[in-house]
Amino acid sequence: MCASRVKEAQPRYSKPLNFILRPIRSKLILSSVTAVIGSMLTLAPLIGMTFVISYMFTDMMTFGALGESNSKIIWVIFISISSLLLGMLLLTISELIAHLADHEITGLLQKDITEHLTQVPLGWFTARSSGEVKQIMQDDIGLLHSLTAHFYPTVGRTLGTIIVAVIFIFMMDWRMAIIALLPFLGFAIFLRKAMNASGNNIQEFAVQLGQLNSASIEFSHAIPVVKTFGKTGQASQGYQQAVHSFAQAFKAFTRPLVKSMAHAHAMISPITILGVVLGSGIIFISLGWLKPIDLLPFLFVTPAICAPVLLLHTLLHDLQASNGAAQRILALLETPVLSVTKADQKISIKNNHICFHQVSYFYEEQRPVVSHLNFSLEPGTITAIVGASGAGKSTIAQLLLRFFDPVKGKITLDGVDLRDIETSTLYRHIGFVLQDTRLIHASIRENIALGCPNASLEEIEQAAKAANIHHKIMTLPHQYESIVGDDIQLSGGERQRISIARAILLDPPILVLDEATAAADIENEIAIQDALSRFSQGRTLLVIAHRLDTIMYADQILVLNQGEIAEQGTHQSLLAQKGIYAQLWSYTESNSSKPVGETSC
């Protein structure tokens, strides 16, 4: 399937979070249960205090001083302290279990995502910004960390506290317990209203957050250009729009919450609970339904429910956010990969003949980029592709490199469909140097040997010499061990020559050059052209060119117009046709004849 046609579809799973956490579900349940028991035990001192005060009050009323309840008080204190210590131990174990489970699932997800991203079509990345990928790889997995490492132990602690407190006050007096818990019923009603109000907007909030991440990264990368041309307002327009859209999404997400949550929090503040308990307690005592000392457990224990309930509400919001993160992670993991339809071991490639058979490619909106392409790359020949910007030149190179697959037709290598060839095998036969060169944050040696990690230093140096970059590397303090981005900042042309050295080390019989000198100055362009001219000898070349004088001696030139091959032939034959190519050549000659400094912007 064509990668750029892959939509960010919703995962097949109705409960993506349950599916994501399936490998560690038993550990999370164990963590929650342990936390429930631990929190129940830690509440023992508060309950014990009510018994101690009750015993002391009874003795004072009966004997005028502490009497036979001494032993009971000592036992209550001993049990309370023992329960507290045991509860703290269980809570610690619960946190440990949850963090071990989080470590396991984070490792599994990062491994699965990394492996999956290495198999998706490279064209998938061109349709997405680095901010979108960063949101899933970093932010969304970070949200899951909050869930797995902290959510389940915290839920266990809150539920344990609430369960013990509710059971205890019902044991004291069920009528008083019902009245004391009425504010919590009101809290649940307002909370449900708030959750329903915000639930409709949380996905849009997440989308706008991702777009803000992307806009921030793009704007920071554009700052040098902004400073050069002074177009600060124009350059920051996209970023400002992203901030404005995020602000609107944030308002839509939070505004419905404010009123409902203010009412909900007021319902279960400790002052509200104490007021309800005291007011109803006075009435019960005046009616003779309750003794004054029996009001004490409600005054001590009922307010202790407030903090766990508020925390439980906060955790529900975290759960909502984590569910959205799980959806995005699953959507990424369900992105179709470049499949191989046959057993690669049976494929034997000998003459490196490339053929495009009725190849067409469309974007998601079904707008054709290239249509009905029929041409061949004969072994040992040079094929150049020219045309106006947007004609589909780079798309042809990307299709040949399987950045994505044709929507219609097929591309064959020695008669074998590229979709039947393993990626590792394909890239041993097809090398490439693109205009947008990417180097990893590693040493220059590792960057050159990226496709041949077992290459010796001598082989790497020979490739660098052939790419005219060896002398520059040897002037660095750490030479080939210099870290790109730390020890050295390479120019665009120097990055291109590193990329050429990488291709030379792979030694592929077929080479794709997509405007390899586009980012280079004159000095670097000469060095790159010299390196490519020596390296390309005896190889099959596909050259995407914007300067016609560089491809005059190509064996065949394809002229693209709106995604179709309008003309095909050699330089001389195309000039004789007096068509599109002749017009482009005439334009090139007229510009090159202008005096230095005279340009047509």
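Each residue takes its place number in the sequence, starting with 1.
- Within the 3.5 Å criterion, the main-chain N or O of Glu567 finds no donor-acceptor partner in the side chain of Gln577.
- Interatomic distance, CD of Glu461 versus CD of Gln479, reported as 8.0 Å (0.5 Å rounding).
- Taking NE2 of His357 as the start and OG of Ser376 as the end, the distance is 7.0 Å to the nearest 0.5 Å.
- For the pair Ile473 and Ile498, the minimum side-chain heavy-atom distance is below 4.5 Å.
- The backbone N or O of Thr383 sits nowhere less than 3.5 Å from a side-chain atom of Asp555 that would complete a donor-acceptor pair.
- Of the possible donor and acceptor atoms, none in the side chain of Ser371 sits under 3.5 Å from a partner among the backbone N and O of Ser360.
- Heavy-atom minimum distance, Asp420 versus Val416: CB-CG1, 4.0 Å.
- Note: Gln556 CD to Ile385 CD1 = 8.5 Å, rounded to the nearest 0.5 Å.
- For the atom pair NE2 (His429) and CG (Asp414), the distance works out to 8.5 Å, reported to the nearest 0.5 Å.
- Between Leu400 atom CG and Thr395 atom OG1 the span is 12.5 Å, to the nearest 0.5 Å.
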Chi angles and distances behind the side chain to side chain contact (heavy atoms under 4.5 Å, CB included) call for Glu564, Asn561 = CA-CA 5 Å; Glu564 297 184 353; Asn561 184 32; over 6 Å; no

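- By the 4.5 Å heavy-atom criterion applied to side chains, Pro406 and Arg419 are counted as neighbours.
- The side-chain heavy atoms of Leu373 and Leu558, taken from C-beta on, include no pair separated by under 4.5 Å.
- Pairing each heavy atom of Ala455 with each of Leu505, the nearest pair is CB-CD2, 3.8 Å.
- The minimum heavy-atom distance between Val407 and Phe362, with the atom names listed, is CG2-N, 3.5 Å.
- Annotation: side chain of Thr412 is not in contact with side chain of Leu418 (no heavy-atom distance under 4.5 Å).
- Glu459 places a side-chain N or O within 3.5 Å of a backbone atom of Ser456 that can act as its donor or acceptor partner.
- Counting all heavy atoms, side chain and backbone alike, Gln568 lies closest to Asn374 at OE1-O, 4.4 Å.
- Within the 4.5 Å cutoff, the side chain of Ile510 has heavy atoms near those of the Leu413 side chain.
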Derivation of the side chain to side chain contact (heavy atoms under 4.5 Å, CB included) call for Phe404 and Leu399 = CA-CA 6 Å; Phe404 32 73; Leu399 287 168; 3.5 Å; yes

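- Side-chain contact between His470 and Tyr480 is present, with heavy atoms from C-beta onward closer than 4.5 Å.
- A distance of 9.0 Å separates CG in Leu511 from CG in Leu542, rounded to the nearest 0.5 Å.
- Side-chain contact between Pro509 and Thr540: absent, with no pair of heavy atoms (C-beta onward) separated by less than 4.5 Å.
- Of all non-hydrogen atoms in Val512 and Ala397, the two that sit nearest each other are CG1-CB, 3.7 Å.
- Listed here is the closest heavy atom pair of Gly569 and Leu574: O-CD1, 3.7 Å.
- Using a 4.5 Å cut-off on side-chain heavy atoms (C-beta onward), Ile396 and Lys393 make no contact.
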task = List the steps and the verdict of side chain to side chain contact (heavy atoms under 4.5 Å, CB included) for Leu560 and Ile565.
result = CA-CA 5 Å; Leu560 287 189; Ile565 298 176; 3.8 Å; yes

